[in-house]
Engineer: 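Below is one structure. I have some questions about it.
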Amino acid sequence: MATKRITGSQAVILSLLEEGVDTIFGYPGGAIMPIYDALYDFDKQVTHILTRHEQGAIHAAEGYAKVTGKAGVCFATSGPGATNLITGIADAMIDSIPLVCITGQVASPLLGTDAFQESDVVGISMPVTKWNYQITTADEIPGAIAKAFYLAQSGRPGPVLLDIAKDAQFQEVDYEYKKCTKIRSYIPEQPVDPFKVKEAADLIDGAKKPLLLFGQGVIIANAEEELKQFVEKTGIPAAWTLLGLSAMPTDHPLNVGMLGMHGNYGPNIKTNEADLIIAVGMRFDDRVTGKVSEYAKNAKIVHLEVDPAEIDKIIKTDVAVLGNAKKSLAMLTGNVKENRHEAWLQEFRDCDKIEQEKVIKKDTYPEKAGLTMGEAVRITSEIAKHDAVLVTDVGQQQMIASRYFKFTQSKSNVTSGGLGTMGYGVPAAMGAQLGAKGRTVCCFVGDGGFQMTIQELGTIVQNKLPVKIILLNNNFLGMVRQWQQLFFEKRYSFTELQNPDFIMIGKGFGMEGHKVTKREELEDGIQRMMDHDGPYLLEVVVEKEDNVFPMVPSGASVSDIILEA
Amino acid sequence: MKQEFIITIYSENHIGLLNRITINFTRRKINIESLTVSESAIHGVSKFTIVIKETEDRVKKVVRQLEKVVEVLKAFYHTNDEMVYQEIALYKVPTEALYESDDIENLVRKNGARILEITKEFTVIEKTGHKTETQEMFDALNQFGVLQFIRSGRVAITRDPIERLSEFLKERDDLLNQVD
Ligand SMILES: Cc1cc2nc3c(=O)[nH]c(=O)nc-3n(C[C@H](O)[C@H](O)[C@H](O)COP(=O)(O)OP(=O)(O)OC[C@H]3O[C@@H](n4cnc5c(N)ncnc54)[C@H](O)[C@@H]3O)c2cc1C
Ligand SMILES: Cc1ncc(C[n+]2csc(CCOP(=O)(O)OP(=O)(O)O)c2C)c(N)n1
Ligand SMILES: [Mg+2]
């Protein structure tokens with residue numbers, strides 16, 4: 001293949017184009033200026049979104065990756081630019097989000113001299129990247145970028161970082177691009193072992209009270225159809241983790257709801273009654289298991305997982321089926337008998353009734369004076385015909401939105417699960433909107449988290465991204481306040497906020513919006529937001545001291561889930 | 001129960017890898033008792049030998065995490081009984097002490113140690129063995145005043161007839177070819 005002589009910076013951009021990159025989120029500065037200069041000539045081929053903070057760029061890249069399944073790409077300069085990415089990289093690491101981050105670095109002769117804006121980015125990011133690498137000569141660039149995309153997107157995905165010294169950006173290179181498809185020391189996924197599948201199938205066929213738990217692995221694997229076929233053939237009730245949301249339609253008759261601390265009543269208490277747990281692409285996070293020593297004690301455990309390190313990490317398995325869930329689920333469906341579990345399923349429906357009475361009705365159709373988060377979420381989901389992308393920040397609003405928003409298609413839930421990063425919502429929503437052009441993106445955010453990345457309203461307006469931001473304002477760091485109320489004798493230590501006029505701030509950025517304080521205004525308000533052609537900020541003033549229930553108190557067993565205080 | 005384990009890691013020889021490996025221990029607050037890195041029998045493949053005191057369950061989990069490091073080819077753990085291992089120790093003693101009695105000479109003979117260098121001021125003695133043995137030698141020599149002492153990290157070898165890495169590399173190639 002013919003090579004051409006170009007600069008390292010041009011090689012960066014051409015390599016990204018080879019990987020099909022259409023959107024880059026970033027922020028320029030001295031050490032990455034040659035790359036930005038090269039980018040200037042490619043505005044037809046690739047969209048660059050200038051955020052207002054590097055944290056905005058990285059969360060936007062995460063949002064983009066979540067809805068597209070492709071790696072999100074992010075640029076930042078050396079020193080403070082790069083360190084501002086770290087929270088988002090850590091977030092992507094724990095939630096297995098594919099990202100390729102490119103940071104500028106001081107020129108290679110200056111490395112280690114405390115040069116201006118030098119920081120050891122490879123060292124700092126090492127614990128929170130799947131792989132990272134420092135480039136000091138231009139000829140390393142195409143190979144390193146190819147490797148970066150391969151690693152970010154294959155196997156269990158994750159963030160990777162390339163730190164490119166400024167002199168390498170200027171240097172010339174004989175450019176030639178070859179995609180990476182194999183690395184000797186890296187096995188992205190194991191081939192599925194048919195004997196393990198058979199063992200699992202036998203357990204499944206013999207189970208009286210089987211329960212399937214599915215997580216984000218199903219979405220990463222694009223195994224939604226395989227999951228559906230498996231549950232429909234076996235009649236097994238299936239519950240999702242927070243990150244498994246949208247992998248199956250909410251209203252599928254076998255979808256029994258959400259697991260874990262603020263999940264649904266049925267799947268939590270039934271976990272400890274089940275005689276078989278089939279876990280697919282989920283990692284038994286402590287928010288899901290509660291007290292591990294009392295978790296699923298009556299059940300045998302089958303675990304379908306791509307990452308061998310997840311097997312037996314938290315919960316001891318009886319049969320581990322390693323490999324890509326898309327393949328293992330399909331093989332499993334081929335091996336199991338058709339079955340129905342009507343009586344067992346009815347037990348979940350009975351639990352639902354209890355939860356409806358004790359929690360859901362009060363949350364979503366409240367009779368008290370103050371507005372609830374639940375009704376705002378319910379109405380938004382209805383007006384969006386249950387087909388929007390849900391983006392949430394972290395806290396009570398995240399839990400309520402995850403409980404009451406409904407889904408019809410996959411890759412429609414964008415939230416920070418493992419790290420629980422406040423400030424994630426607004427920037428992730430703009431990334432999600434760029435990845436899911438034409439779809440409605442609804443972002444629920446609390447008054448605390450909103451103020452952590454509020455500057456990104458500027459980016460949203462500048463780029464005319466029609467995201468719908470619903471600020472659920474309880475004037476509190478609500479989730480922390482809830483814990484203070486329940487476990488710290490209502491000692492509200494530093495959780496009440498004096499908030500600004502959010503709508504005026506929005507207007508300052510050029511964003512339309514209005515504030516709703518009464519029930520009569522709510523539905524119209526949401527409708528107005530949805531009808532508006534462009535980004536919109538709707539502030540809903542909700543009850544200050546509402547709590548999220550059900551709740552598995554931390555350290556308690558899932559069967560000790562409480563429905564009310 | 002915590003006990004000594006020897007972790008052996010085969011990896012590509014890349015910059016920064018030592019850090020990527022050790023953060024897995026630091027993160028779990030596991031102390032590294034000893035660490036040795038060198039090229040293995042296969043050109044370009046490095047071999048880490050790391051000794052830690054831990055429960056088997058924790059060791060197993062750390063080893064699985066180590067195997068996830070992109071440049072790591074394979075990681076194993078073994079108990080002390082399962083491996084043949086050695087450490088090397090160097091002792092610097094005042095040469096005067098050798099003139100004054102036969103004690104040091106006897107210690108060297110009895111311990112299978114050897115003398116590497118003698119100058120007017122000091123003598124350097126080398127002993128290989130397990131930590132307890134090199135420590136005993138240190139305690140004995142210290143009666144005469146050890147001027148300097150250094151002990152290496154552990155090197156260890158399995159009781160298998162061949163370096164298992166070549167098999168693993170082959171297995172990996174088969175795996176890589178199966179998955180597309
Ligand atoms: C305030 C707050 C409250 C929370 N409350 C809850 C709660 O009530 N309930 C809840 O569920 N979570 C809750 N969470 C989220 C929780 O912390 C975890 O992030 C979440 O449970 C993880 O879900 P997961 O295991 O599905 O996803 P991940 O953590 O992303 O794990 C996915 C798993 O799938 C595997 N995988 C990836 N690709 C494949 C593939 N191709 N084939 C097979 N396997 C694959 C991965 O290796 C990994 O093990 C809460 C978070 C916050 C911030
Ligand atoms: C960056 C960060 N800091 C602190 C926390 C701890 N935390 C979790 S939820 C929460 C309160 C969030 O308040 P708000 O954004 O108003 O949402 P609400 O719970 O009121 O809906 C806090 C402080 C966090 N998750 N992330
Ligand atoms: Mg709040």
Side-chain angles (χ1 to χ4, degrees), chain A residues 90 93 96 111 120-136 140 144 147-148 150-152 154-161 163 180-194 305-314 316 320 322-324 326-328, chain B residues 7 9-30 40 42-48 55-77 165-180:
Chain A
M93 185 69 178
S96 299
L111 286 169
D120 176 10
V121 175
V122 167
I124 293 172
S125 64
M126 203 170 267
V128 291
T129 47
K130 184 172 172 182
W131 181 74
N132 64 6
Y133 185 70
Q134 185 172 64
I135 294 173
T136 50
E140 299 172 87
K147 201 168 161 185
Y150 174 59
L151 286 170
S154 62
R156 180 174 183 169
V160 304
L161 181 142
D163 192 39
C180 175
T181 54
K182 204 193 258 191
I183 296 170
R184 173 171 81 156
S185 59
Y186 169 74
I187 296 173
E189 58 186 62
Q190 308 272 340
V192 181
D193 179 348
E305 223 332 308
V306 79
D307 178 359
E310 289 299 334
I311 303 297
D312 296 338
K313 189 183 81 175
I314 307 289
K316 190 104 189 70
L322 277 173
N324 190 336
K326 193 171 179 71
K327 297 176 189 163
S328 53
Chain B
I7 297 176
I9 304 164
Y10 292 95
S11 75
E12 304 289 359
N13 180 8
H14 285 177
I15 291 174
L17 195 53
L18 175 62
N19 196 6
R20 258 212 191 269
I21 285 172
T22 56
I23 54 180
N24 277 286
F25 296 93
T26 331
R27 180 178 173 190
R28 296 172 173 81
K29 209 165 177 190
I30 298 174
S40 72
I42 295 166
H43 179 68
V45 173
S46 301
K47 183 170 176 175
F48 291 71
T55 61
E56 180 158 6
D57 186 54
R58 295 246 295 169
V59 174
K60 200 184 282 174
K61 285 176 183 169
V62 179
V63 166
R64 286 199 183 152
Q65 295 297 336
L66 291 169
E67 288 213 312
K68 272 169 66 168
V69 173
V70 168
E71 288 95 347
V72 166
L73 291 152
K74 190 74 201 167
F76 309 96
Y77 70 93
L165 182 66
S166 10
E167 281 169 50
F168 282 109
L169 286 180
K170 212 188 139 295
E171 267 174 37
R172 290 187 82 97
D173 279 345
D174 295 346
L175 267 182
L176 286 169
N177 291 333
Q178 272 182 57
V179 178
D180 38 23

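A note on names: the letters A, B, ... follow the listed sequences, proteins ahead of strands, and every chain is numbered from 1.
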Engineer: Hey, are the side chains of B/K68 and A/R156 touching, using non-hydrogen atoms and a 4.5 Å cut-off?
Structural biologist: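 Yes, their side chains come closer than 4.5 Å.
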Engineer: Locate the shortest heavy-atom distance separating A/S185 from B/E71; write the atom from each residue and the value.
Structural biologist: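 In this case the closest contact between A/S185 and B/E71 is OG-CA, 3.4 Å.
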Engineer: A/P308 versus chain B, heavy atoms under 4.5 Å apart: side chain, backbone, both or neither?
Structural biologist: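 It is the backbone, since no side chain atom gets that close.
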Engineer: Where does A/N324 contact chain B at under 4.5 Å (heavy atoms): side chain, backbone, both or neither?
Structural biologist: neither
Engineer: With distance as the sole test, does A/K313 use its side chain to make a donor-acceptor pair with the main-chain N or O of B/K61 at under 3.5 Å?
Structural biologist: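 Not at all, since once roles are kept as given, no pair shorter than 3.5 Å links the two residues.
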Engineer: Quick check on B/V45 against chain A: is it the side chain, the backbone, both or neither that has a heavy atom closer than 4.5 Å?
Structural biologist: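 It is the side chain, since no backbone atom gets that close.
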Engineer: Indicate yes or no: at least one non-hydrogen side-chain atom of B/K60 is less than 4.5 angstrom from one of A/D312.
Structural biologist: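 Of all side-chain heavy-atom pairs linking A/D312 with B/K60, none is under 4.5 Å.
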Engineer: More than 12 heavy atoms of other residues, nucleotides or ligands under 6.0 Å from CZ of B/R28: yes or no?
Structural biologist: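 Atom CZ in B/R28 is crowded, with more than 12 foreign heavy atoms closer than 6.0 Å.
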Engineer: Where does B/V72 contact chain A at under 4.5 Å (heavy atoms): side chain, backbone, both or neither?
Structural biologist: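 For B/V72, backbone heavy atoms alone lie under 4.5 Å from chain A.
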Engineer: Among A/T181, A/I311, A/V122, which residue forms the greatest number of heavy-atom pairs with chain B at distances under 4.5 Å?
Structural biologist: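 Looking at each of A/T181, A/I311, A/V122 in turn, A/I311 comes out on top.
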Engineer: Please say which of B/N19, B/I23, B/N24, B/T26 ends up in a side chain to side chain contact (heavy atoms under 4.5 Å, CB included) with A/P127.
Structural biologist: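 Single pass found, and it is B/I23.
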Engineer: Need one label for A/R184: side chain, backbone, both or neither, based on atoms under 4.5 Å from any heavy atom in chain B.
Structural biologist: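 Both backbone and side chain.
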Engineer: Check whether any side-chain heavy atom of A/T129 sits under 4.5 Å from a side-chain heavy atom of B/R20, and report yes or no.
Structural biologist: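 Yes, at least one pair of side-chain atoms sits under 4.5 Å.
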Engineer: Let's test your reading of the structure: which of A/A309, A/G123, A/G155 forms the most heavy-atom pairs below 4.5 Å with chain B?
Structural biologist: A/A309
